[in-house]
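Here is how names work: the chains are called A, B, and so on, in the same order as the sequence lines, proteins then strands, and each is numbered from 1. All values below were derived from every heavy atom in this structure, side-chain atoms included, with hydrogens, water molecules and symmetry-related copies excluded.
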Number of protein chains: 2
Amino acid sequence: MFTIADAARRAGCPASTIRYYERVGLLPPAQRGNNGYRYYQSADIERLVFVNRARELGFSIASVVDLLRLADHPLQPCEAVDTLLANQLDSVAGRIRQLCELEARLRRLQAACGGHHQMQDCGILAALSEPDSL
Amino acid sequence: MFTIADAARRAGCPASTIRYYERVGLLPPAQRGNNGYRYYQSADIERLVFVNRARELGFSIASVVDLLRLADHPLQPCEAVDTLLANQLDSVAGRIRQLCELEARLRRLQAACGGHHQMQDCGILAALSEPDSL
DNA sequence: AGTTGACCTTCAACTGACTTTAACGTTCAT
DNA sequence: ATGAACGTTAAAGTCAGTTGAAGGTCAACT
């Protein structure tokens, strides 16, 4: 029997996040003591760890709900898991591509400003105002 | 004189976004017609384009406010602009690094699931539940 | 027994950068 | 004159939590 602070320590997230996960249905309602406190068992904490790992990997709350539902059916084929993972990889790869292009544009922009001059001569501000060339 | 829809077309953003920018003080209150409609002039649209470019480059609303204030003082030195840009580049580079590590972890996770098997044998779900090794 | 300090509870509001919705007014072409 | 396509506002929704207020509980120490 662990308090919410114990669970938080073990899962490596704030207690407020655990309450939030319960509130949005990502975790089932916790057992309660006579004092109203939440108490957790090892199995509950494993589920919480699962959730936190998946979140760290960038899965949305909705996807984690899906993953948990899938994990609860041990005899089903696991293709749906593969699919979720592949989608997540695609979306991460896409964001990386976008950010790399962004980085390149920022570097080009940086090159437009040699150094010490006035705002009115700043290539950065000019490029932000005018052209389509960054 | 352009309506908000004209301005939106020219700036490449939804009209709702323009209203939002005005509401949060990123744009000055627009001129109004007798009907209450907003009307924009070329200079207003230039400012809006500036804002949208900066937002596309990932600058926060607060940073765009700074950039605009800087751009409004043409005789000041432009080092502050350089600094804002350098910070933005740092933060983008940092996000890229994080996402690349995330991508690598997702790929390792993907390798844990060969293909057709049941949930209970799925290396993906196992890795999410158990170890620190991804 | 009292008190301190660390824990627990709920509910509401805040974050960023918008988007969406509802309910209503205007303009224009047919 | 009527309908589509525009405009207005305020409020709520999005995502994934975090923060704060106001209060109840528990364990240890004096």
**Message:** Per the side-chain hydrogen bond (donor to acceptor under 3.5 Å, both in side chains) rule, what does the pair list look like for residues 14-28 of chain B, sequence neighbours excluded?
**Reply:** B/E22-B/R38
**Item:** side-chain hydrogen bond (donor to acceptor under 3.5 Å, both in side chains) pairs, two or more places apart, involving residues 73-94 of chain B
**Value:** A/H116-B/E79
**Request:** Whole angstrom is fine here: how far is it from OH in A/Y40 over to C1' in C/dT9?
**Result:** 12 Å
**Item:** Pairs flagged by side-chain hydrogen bond (donor to acceptor under 3.5 Å, both in side chains) wherever residues 57-68 of chain B is involved - sequence neighbours left out
**Value:** B/S60-B/S63, B/D66-B/R69
**Fill in**
For residues 39-52 of chain B, the salt bridge (charged side-chain N to carboxylate O under 4.0 Å, His left out) pairs (sequence neighbours left out) are B/R47-B/D72
**Prompt:** Shortest non-hydrogen contact from A/F50 to B/S129?
**Reply:** CD1-OG, 3.5 Å
**Request:** Please identify each residue that fulfils side chain to side chain donor-acceptor pair (under 3.5 Å) with B/R10, with sequence neighbours left out.
**Result:** none
**Message:** Checking A/R97 now: which residues fulfil side chain to side chain donor-acceptor pair (under 3.5 Å) with it, not counting sequence neighbours?
**Reply:** none
**Message:** Once side chain to side chain contact (heavy atoms under 4.5 Å, CB included) is applied, do any residues pair with A/A7, and if so which ones, sequence neighbours excluded?
**Reply:** A/I18, A/Y40, A/I45, A/L48
Enumerate the protein-to-nucleotides 27-30 of chain C contacts in which both atoms are nitrogen or oxygen and the separation is below 3.5 Å.
{"residue": "C/dT27", "atom": "OP1", "partner": "B/N35", "partner atom": "ND2", "Å": "3.0"}

**Complete:** side chain to side chain donor-acceptor pair (under 3.5 Å) filter on B/Y39, not counting sequence neighbours, yields B/N35
**Asked** Touch check for B/R38, heavy atoms < 4.0 angstrom, all strands: base, sugar-phosphate only, or nothing?
**Response** sugar-phosphate
**Asked** Once you round it to whole Å, what is the distance between C1' of C/dA13 and CZ of A/R19?
**Response** 16 Å
**Prompt:** Of all of residues 1-10 of chain B, which get a heavy atom below 4.0 angstrom from DNA chain D, listed by number?
**Reply:** B/T3, B/I4, B/A5
**Request:** Provide, to the nearest angstrom, the distance between the CD atom belonging to A/E56 and the C1' atom belonging to D/dG17.
**Result:** 15 Å
**Prompt:** By side chain to side chain donor-acceptor pair (under 3.5 Å), which residues pair with B/R95, not counting sequence neighbours?
**Reply:** none
Protein and nucleotides 17-20 of chain C: nitrogen or oxygen contacts under 3.5 angstrom:
{"residue": "C/dA17", "atom": "O3'", "partner": "B/R55", "partner atom": "NH2", "Å": "3.4"}
{"residue": "C/dC18", "atom": "OP2", "partner": "B/Y21", "partner atom": "OH", "Å": "3.0"}
{"residue": "C/dC18", "atom": "OP2", "partner": "B/R55", "partner atom": "NE", "Å": "2.5"}
{"residue": "C/dC18", "atom": "OP2", "partner": "B/R55", "partner atom": "NH2", "Å": "3.1"}
{"residue": "C/dT19", "atom": "OP2", "partner": "B/T17", "partner atom": "OG1", "Å": "2.4"}

